[in-house]
Amino acid sequence: MSLLYPSCKIPSVDLKPFFEENGCVIGDEPTKDQLLVAETINKICHEHGFIHIRNFGLTKKMGDTLFNAAKELFDSPNKESDYTKWSSHTNTGYSSYRSESLNKNRPPELKEAFNIKFPPTAHITNPSLPHTPLSFQNIVDEYTRIMKVAAIRYGMACALALDLPIDFFTKTLNTFDSVTSRFLHYPPCDFHNITQTATTTNNNDKELPPIRVSEHTDFGCYTFLLLRGNQGPMGLQVKPGQRGGEIGGIAGEHDDEEEEEPFGAIINTGAMMARMTNDYWKATPHRVIVPSAELASKHRYSIAFFVDPDSHELIEVDEKYADWNNNYAAADNDDNDEKKTTSSLSYEPITSKDFILKKLKEMEEGGKKA
Ligand SMILES: O=C(O)CCC(=O)C(=O)O
Ligand SMILES: [Fe+2]
């Protein structure tokens with residue numbers, strides 16, 4: 001699978017119209033600007049679902065503080081012994097370096113991670129935080145408060161974009177009990193080791209070389225991916241078969257003249273969104289490679305905020321999108337008098353909780369090959 005399309009940049013969208021107190025966010029009719037943004041989101045998500053976003057409520061100052069806290073979190077010499085350990089059942093706490101893999105044909109991934117879950121209120125109540133540095137504990141409440149608003153506003157933008165009731169996604173976000181934020185650290189690694197070609201194991205399975213994050217689609221509805229300002233994507237790639245491409249070095253840049261500089265991010269649609277829309281919106285595979293010896297020698301940090309519906313919510317294809325494939329086929333071919341009448345539902349209903357657990361278990365299993 002070739003993933004390198006250096007000239008292909010993902011589109012950038014200014015979400016400001018959804019972060020102002022007017023239009024559909026307060027229950028009124030959408031504004032002209034909101035409709036324009038929604039139309040753009042729909043086009044991008046139908047094609048591949050990777051968008052660079054600006055103005056979603058996080059300032060550059062806050063983003064920088066967050067990444068400094070993330071660095072301290074992973075610098076702690078006591079992390080292995082003191083932090084709450086991650087498991088697929090809690091989806092909370094610390095995952096050691098090389099302890100998981102999203103692709104069963106890859107060895108464990110060259111990363112460590114720390115997950116926090118809601119409730120986002122007072123950090124003392126957050127079960128994953130004991131023994132983490134104070135700088136980290138102090139930032140969590142504000143960060144999660146900002147991202148909670150972002151999740152709701154973007155959910156409204158998605159509903160408008162898909163011509164669904166405006167609360168279609170936000171009504172599945174009451175407790176936020178499936179929403180997770182994942183702090184990721186990719187330490188420097190041996191470039192020679194990861195550029196080796198695939199080998200064949202005794203069972204005749206193909207074993208690919210290690211990678212920072214293997215090929216995967218995110219599990220939930222949509223993910224906000226924060227990358228450290230100005231450092232660019234540093235190896236994040238989107239599978240071109242879905243009309244994505246390598247993400248250009250635009251994350252963290254800005255062109256506004258506001259006093260509070262906004263922090264740019266990437267947002268991408270996940271597998272549950274694809275299920276709800278019967279793949280009308282794509283969950284596009286992506287991965288993180290080490291593109292050069294120079295980047296292998298550097299630390300890489302990212303923060304993913306996974307917006308997944310509350311655990312009891314049933315994830316099923318919405319009837320509005322059940323037949324979109326057939327409708328497209330008919331519209332594409334005027335002579336098609338043999339119009340398809342059968343439904344082409346690709347997915348069985350499943351609860352958010354069961355779906356996420358299944359995916360997390362696969363990731364956990366993938367890490368047991370070290
Ligand atoms: O670190 C990154 O840039 C991407 C991480 C990612 O895709 C994920 O955690 O789902
Ligand atoms: Fe991802």
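Note that ligands are numbered from 1 as they come in the structure, with each ligand's atoms numbered from 1 the same way.
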**Request:** Give yes if a backbone or side-chain nitrogen or oxygen of Arg182 is under 3.5 Å from a nitrogen or oxygen of ligand 1, and no if not.
**Result:** no
**Request:** Find all atoms of ligand 1 within a distance of less than 4.0 Å from any non-hydrogen atom belonging to His286, and give their numbers and elements.
**Result:** 7 (O)
**Request:** Anything under 30° is parallel, anything over 60° is perpendicular, the rest tilted; go ahead and classify His185 against His299.
**Result:** parallel
**Prompt:** Just which atoms of ligand 1 are under 4.0 Å from any heavy atom in Phe306?
**Reply:** 9 (O), 10 (O)
**Request:** Flag yes if more than 12 heavy atoms outside Glu39 fall under 6.0 Å of its CD atom; otherwise flag no.
**Result:** no
**Message:** Run the salt bridge (charged side-chain N to carboxylate O under 4.0 Å, His left out) test against Glu294 and tell me which residues pass, sequence neighbours left out.
**Reply:** Lys298
**Asked** Does ligand 1 have any atom that is closer than 4.0 Å to a heavy atom of Lys111?
**Response** no
**Item:** Heavy atom of His216, distance to ligand 1 below 4.0 Å
**Value:** yes
**Complete:** Within less than 2.8 Å of the Fe ion (ligand 2), the count of protein N, O or S atoms comes to 3
**Message:** Do Ser87 and Glu364 pair up side chain to side chain, a donor and an acceptor below 3.5 Å, judged on atom types alone?
**Reply:** no
**Prompt:** Between Phe176 and Leu173, what is the shortest heavy-atom contact and its length?
**Reply:** CE1-O, 3.4 Å
**Asked** Should you measure from each heavy atom of Val288, which atoms of ligand 1 turn up under 4.0 Å away?
**Response** 1 (O), 2 (C), 3 (O), 4 (C)
**Request:** With ring-ring contact (aromatic ring centres under 6.0 Å, His included) as the test, would you mind laying out the steps for Tyr280 and Tyr321 before giving the verdict?
**Result:** CA-CA 7 Å; Tyr280 182 69; Tyr321 286 92; 5.1 Å; yes
**Request:** If you have a sec, work out which protein heavy atom is nearest atom 2 (C) of ligand 1 and how many Å separate them, to one decimal?
**Result:** Arg300 NH1, 3.3 Å
**Asked** So, Gln34 side chain and Cys24 main chain: donor-acceptor pair closer than 3.5 Å or not?
**Response** yes
**For Tyr186, atoms of ligand 1 separated by under 4.0 Å from a heavy atom** = 1 (O), 2 (C), 5 (C)
**Asked** Between Asp218 and His286, do the side chains contain an N or O donor and an N or O acceptor separated by less than 3.5 Å?
**Response** yes
**Item:** Per-residue contact class, Thr223 against ligand 1 - non-hydrogen pairs under 4.0 Å
**Value:** neither
**Asked** Where does the angle between the aromatic ring planes of Phe74 and Tyr94 fall among parallel (under 30°), tilted (30 to 60°) and perpendicular (over 60°)?
**Response** tilted
**Prompt:** Are side-chain N/O atoms of Glu313 and Thr172 paired as donor and acceptor at under 3.5 Å?
**Reply:** no
**Message:** Within the 4.0 Å heavy-atom shell around Leu227, which atoms of ligand 1 are there?
**Reply:** 3 (O)
**Prompt:** Under 3.5 Å, is there a donor-acceptor pair between the Asp177 and Ser311 side chains?
**Reply:** yes
